[in-house]
Amino acid sequence: MQVAVVTFDGFNELDSFIASALINRCRKDGLEAFITTPTPVVTSMNGVEVTGQRPMEFVTEADVVLIGSGVKARAVVADDRLISSLQLDPSRQLIGAQCSGALVLARLGLLHGIPACTDMKSRPFVQACDVTVLDAPFHAEGNIATAGGCLASQYLATWVITRMLGEGAARDVIDYVAPVGENQETVERAMRAVHAGEVALR
């Protein structure tokens, strides 16, 4: 089970690295995430250069595709060549977006009739795509999920792990990374956010 964490130039480190790091704690169970980039090297919004682990073509074979956010998201959605490389299929893939990554899903037509979560700066641009933006950190409908706010990337990872390996595996991962002394409340908050986001659409 492979996860493509799509990471563009100008990316937000929290979005890509938190999701991939949490998911990769499940490697022993066969779930593995890879930083997937359109160019061999991408530079974060804070100047951190990262070498991609997989090329963009990897998204077509991945079981899960998570679209990260960044300061160049609007340039990404305006790039027809780049967008055309994202051949996604929600009938067989789990697809998630973090913050301004919702703009990419909207551009791909994957949020038609589906409300989304995003960050405050991206909100007006997502709304301009005729997408209803929720005042919530996480929302999922079927195989498509969105998260809003950098630290909500833990909820996106929790959703992926739960869907792929079960709630027990997700609880174990969040428990491991939780601040000492806050394990139970951290686990319950993550699970509550994911469950609430999924229940809201039923």
Side-chain angles (χ1 to χ4, degrees), residues 2-26 31-39 41-54 56 58-59 62 64-77 79 82-83 86 88 93-108 110-111 116-126 129 131 133-134 136-140 144-164 170 173-174 177 186 189-190 193-194 197:
Q2 301 185 110
V3 182
V5 180
V6 178
T7 304
F8 301 108
D9 206 43
F11 72 96
N12 183 317
E13 300 96 331
L14 293 172
D15 296 345
S16 289
F17 294 158
I18 290 176
S20 62
L22 291 179
I23 291 168
N24 277 330
R25 290 194 174 276
C26 298
L31 181 63
E32 189 168 10
F34 300 91
I35 299 296
T36 302
T37 56
T39 53
V41 176
V42 291
T43 303
S44 79
M45 59 190 292
N46 293 306
V48 179
E49 291 189 350
V50 172
T51 300
Q53 296 173 291
R54 294 289 186 274
M56 197 62 85
F58 176 62
V59 300
V64 182
V65 179
L66 300 181
I67 309 293
S69 76
V71 295
K72 298 182 180 180
R74 282 185 286 162
V76 168
V77 298
D79 188 330
L82 189 51
I83 289 296
L86 290 167
L88 307 184
Q93 295 174 306
L94 293 185
I95 300 170
Q98 177 69 41
C99 291
S100 61
L103 285 171
V104 177
L105 295 194
R107 175 74 161 76
L108 292 170
L110 295 175
L111 294 180
C117 299
T118 191
D119 63 283
M120 295 307 294
K121 286 188 175 181
S122 301
R123 182 179 187 125
F125 302 106
V126 176
C129 299
V131 174
V133 175
L134 303 173
F138 177 83
H139 186 76
I144 297 177
T146 51
C150 300
L151 294 181
S153 52
Q154 64 182 298
Y155 302 150
L156 206 53
T158 298
W159 175 72
V160 170
I161 297 168
T162 299
R163 287 288 302 270
M164 302 300 284
V173 168
I174 299 301
V177 302
T186 302
R189 182 172 56 249
V194 170

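The structure displayed is predicted, hence computed values, not measured ones.
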Are L110 and L88 side-chain neighbours, meaning at least one heavy-atom pair lies under 4.5 Å? yes

What are the two closest heavy atoms between R54 and F34, and how far apart are they? NH2-CE2, 3.1 Å

What is the distance from atom SG of C117 to atom CZ of R123, rounded to the nearest 0.5 Å? 9.5 Å

On a heavy-atom basis, which atom in G70 and which in S100 lie closest, and how many Å separate them? N-OG, 3.2 Å

Which value, rounded to the nearest 0.5 Å, describes the distance between L14 atom CG and C150 atom SG? 5.0 Å

Please lay out, stage by stage, how F8 and L82 fare under the test side chain to side chain contact (heavy atoms under 4.5 Å, CB included). CA-CA 10 Å; F8 301 108; L82 189 51; 3.9 Å; yes

Do N24 and E32 touch side chain to side chain, with heavy atoms closer than 4.5 Å? yes

Rounded to the nearest 0.5 angstrom, the CG-OG distance for D15 and S20 is 10.5 Å

With a 3.5 Å distance limit and no angle check, can you tell me whether S69 reaches the backbone of G101 through a side-chain donor-acceptor pair? no

Does the side chain of L66 come within less than 4.5 Å of Q98's, by heavy atoms? no

Are the side chain of T118 and the backbone of A116 linked by a donor-acceptor contact shorter than 3.5 Å? no

Students often mix this up, so state it plainly: with edges at 30° and 60°, are the rings of W159 and F138 parallel, tilted or perpendicular? tilted

Checking Y155 now: which residues fulfil ring pair (Phe, Tyr, Trp, His ring centres under 6.0 Å) with it, not counting sequence neighbours? none

Shortest non-hydrogen contact between V5 and A33, atoms and distance: CG2-CB, 4.1 Å

To check you understand the geometry: which heavy-atom pair defines the closest contact between T146 and A102, and what is its length? CG2-CB, 4.5 Å

Is the shortest side-chain heavy-atom distance between F125 and V77 below 4.5 Å? no

Output yes when a side-chain donor or acceptor of Q154 lies under 3.5 Å from a complementary backbone atom of L22, and no otherwise. no

Tell me, do C129 and L111 make a side-chain contact under 4.5 Å, heavy atoms counted? no

Excluding sequence neighbours, so at least two apart, what forms side-chain hydrogen bond (donor to acceptor under 3.5 Å, both in side chains) with T162? none

Measure the CD1-OG1 distance between I174 and T158 for me, rounded to the nearest 0.5 Å. 3.5 Å

Looking only at heavy atoms, the pair that brings P38 and T7 closest together is CD-O, 3.4 Å

Only counting residues at least two apart or in another chain, list the ones meeting salt bridge (Lys or Arg N to Asp or Glu O under 4.0 Å) with E13. none

Can you tell me if D9 uses its side chain to pair, donor with acceptor, with the backbone of V42 under 3.5 Å? no

T36 side chain vs V6 backbone, donor-acceptor pair below 3.5 Å: no

Are M164 and I23 close enough, and set up right, to give a side chain to side chain contact (heavy atoms under 4.5 Å, CB included), and what steps lead you there? CA-CA 10 Å; M164 302 300 284; I23 291 168; over 6 Å; no

Would you check, one step at a time, whether the test side chain to side chain contact (heavy atoms under 4.5 Å, CB included) holds for L108 with L86? CA-CA 8 Å; L108 292 170; L86 290 167; 4.2 Å; yes

Kindly give the heavy-atom pair with the smallest separation between G149 and C99, and that separation in Å. N-SG, 3.2 Å

Pair L151-I18, side chain to side chain contact (heavy atoms under 4.5 Å, CB included): steps then yes or no: CA-CA 8 Å; L151 294 181; I18 290 176; 4.0 Å; yes

